[in-house]
Amino acid sequence: MARYWSLLKKELRTSRMSFFILLFSIIAWDVFLSTRSNSWDKTLIFVLSFVPVVVLPFYAFVGGFSSFREEWQDKTIYLLLLLPVRGTTLTSVKLLSVFIEILVFVTTIFIGVMIFGQKAFPVTMPYQVLIQGGLILSIAMLMLATMSQFAYLAGRLFERFQWLVSLWVFILLWWGIGRLSSLLSYLLKWLPDIQVKCWQISGIWDYLGEGTVPPTFSIHSAALVAVILSYLIIFFLGSWFLEKYAEI
Amino acid sequence: MNRDVKESDRMNSFLKCEGVTKHYFLKKALNDVSFKAERGIIIGLIGPNGSGKTTLLKTIFGLCRPTKGRVLFEGKYPDRSTKAKIAFLPEIDHLYDWMTVHQTINFISPFYPDWEKVRMAKLFDLLNLDERMEVGKLSKGQRARLKILLTLSRRSSLVLLDEPLSGIDPVSRRKILQAINSEFRAEEQTIILSTHEVLEAESIFDRIIILEQGNIKLMGNIDDIRQKSGKSIRVLLEEVYG
């Protein structure tokens with residue numbers, strides 16, 4: 001565990017520049033919006049407070065892709081591949097670092113959303129919605145980072161045209177994951193659905209409009225497990241490439 | 001993969017390279033390289049740039065896969081478990097510039113169960129390093145000394161040193177050779193050292209392998225070679241490479 005923590009600290013330290021630049025940009029955006037609160041419509045300000053979310057997919061993509069690319073570029077990949085650790089240790093620590101950073105960004109963005117939401121609407125937004133939205137967003141970004149990391153590692157298996165291979169792998173992954181998830185979903189259709197009674201993102205506008213009781217909604221377990229399994233397959237495959245086949 | 005290794009291979013030799021060939025696109029980096037090594041010797045891997053020294057060391061460690069042939073270390077193909085037993089010093093600068101010497105040691109040492117603090121402290125004094133300095137601010141010679149410290153602080157049975165003397169000042173070269181000499185455990189360790197600096201390193205070698213364009217040009221016990229030819233290794237090399 002101490003070794004994993006040591007690797008994670010190294011990852012967080014390596015990406016701290018881009019992390020702080022984006023974090024301060026999000027805060028600066030919120031500060032800017034708060035200065036407009038007297039002149040702009042409050043609902044518009046509330047909607048605009050979501051804008052930094054647009055940057056997150058880009059950050060996750062670059063985080064997944066370039067975390068290994070930079071190691072290769074700086075030759076520090078030697079140091080990592082000299083360590084007697086599993087490929088999964090190296091790949092997971094990089095993804096965890098991206099996930100932690102995304103969580104911090106999402107929390108910061110949603111604090112702004114909450115503050116501007118309170119000013120724009122007479123009722124307070126239920127915290128479950130924010131936690132739910134934040135987690136779904138962060139996990140989606142983690143999935144994107146997993147895909148871009150896999151695409152980069154797949155490219156490293158080739159001596160030439162690595163960029164082209166990575167690009168095609170990334171494009172084909174969308175299709176591949178869709179197909180694999182459909183297949184797994186079909187195979188797992190025996191799994192029972194889960195019923196949850198709470199506020200959810202899709203019901204937020206009802207809530208804000210009418211303030212009704214939390215609805216019950218159903219989670220399609222087979223599809224959910226299928227998607228998770230598909231990403232786990234990609235993750236383990238990428239780690240296997242790194243440990244067994246990546247050359248330096 | 002390891003299931004294919006025969007028991008006889010496992011018992012026979014400490015390190016075995018059998019017909020190792022490595023292609024990079026159109027270039028053949030290694031061509032049918034075969035040799036065996038037992039414990040307790042220092043092997044000099046000698047050859048000009050592009051002769052395949054680095055590729056051979058990387059293949060032994062497992063950073064490259066041979067296109068043909070195989071490498072067996074203690075009867076196993078190179079993998080994660082052999083990484084824990086082999087210490088490898090790459091020629092390039094592979095350390096994080098932003099870390100201090102102290103942070104670098106603290107980052108790397110927990111990964112190796114064979115790391116010896118006493119040995120490290122001894123090497124620290126011998127190599128004259130300042131642990132507060134950032135790696136990025138170290139001179140080339142100091143970096144080379146740090147790399148040798150990180151490699152020799154382990155109780156590894158096989159040590160692969162890729163050009164540890166290349167492009168550094170005479171003082172650092174002397175200190176590095178001194179460190180290799182003083183920390184070599186003849187009873188349990190083998191060192192393979194690739195170098196251009198034959199004149200300085202010749203005295204520590206028990207055996208040499210001379211590579212040219214990926215082929216073994218000459219290989220054997222250094223004393224036997226000197227005796228048979230009646231020439232120093234340096235003179236021999238000049239003859240081999242023209």
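Letters go in sequence order (proteins before strands), and every chain restarts at 1. Because the structure is predicted, anything quoted here is derived from the model rather than measured. When reading the values below, keep in mind they use all heavy atoms of this one structure, side chains included, and skip hydrogens, waters and symmetry mates.
Put simply, the side chain of M99(B) does not reach to within 4.5 Å of the side chain of R13(A), judged on heavy atoms. Using a 4.5 Å cut-off on side-chain heavy atoms (C-beta onward), T14(A) and W98(B) make contact.
Here the shortest heavy-atom pairing between Y96(B) and E71(A) reads OH-OE1, 2.7 Å. Shown here for I92(B) and K75(A), the closest heavy-atom pair between the two residues is CD1-CB, 3.7 Å.
Of the charged side-chain nitrogens involved, at least one lies within less than 4.0 Å of a carboxylate oxygen, so that K22(B) and E247(A) count as a salt-bridged pair.
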Intermediate values then yes/no, side chain to side chain contact (heavy atoms under 4.5 Å, CB included), L82(A) and F111(B): CA-CA 10 Å; L82(A) 289 181; F111(B) 289 93; over 6 Å; no
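The line from OG1 of T89(A) to CZ of R80(B) is 7.5 Å long, rounded to the nearest 0.5 Å. Between I248(A) atom CD1 and H94(B) atom NE2 the span is 9.5 Å, to the nearest 0.5 Å. Distance check: L63(B) CG to L81(A) CG gives 6.5 Å after rounding to the nearest 0.5 Å.
With a 4.5 Å cut-off on non-hydrogen atoms, Y24(B) touches chain A through its backbone and its side chain both. With a 4.5 angstrom heavy-atom cutoff, F61(B) touches chain A only via side-chain atoms. Residue P110(B) touches chain A through both its backbone and its side chain, counting heavy-atom pairs closer than 4.5 Å. In this structure, the portions of L7(A) lying under 4.5 Å from any heavy atom of chain B include both its backbone and its side chain. Only the backbone of D93(B) comes within contact range of chain A, with heavy atoms under 4.5 Å apart. R160(A) touches chain B through its side chain: at least one heavy atom from C-beta onward sits under 4.5 Å away, while N, CA, C and O do not. For K9(A), no part lies under 4.5 angstrom from a heavy atom of chain B.
When the candidates E243(A), E159(A), K244(A) are compared by the number of heavy-atom contacts under 4.5 Å with chain B, E159(A) comes out ahead.
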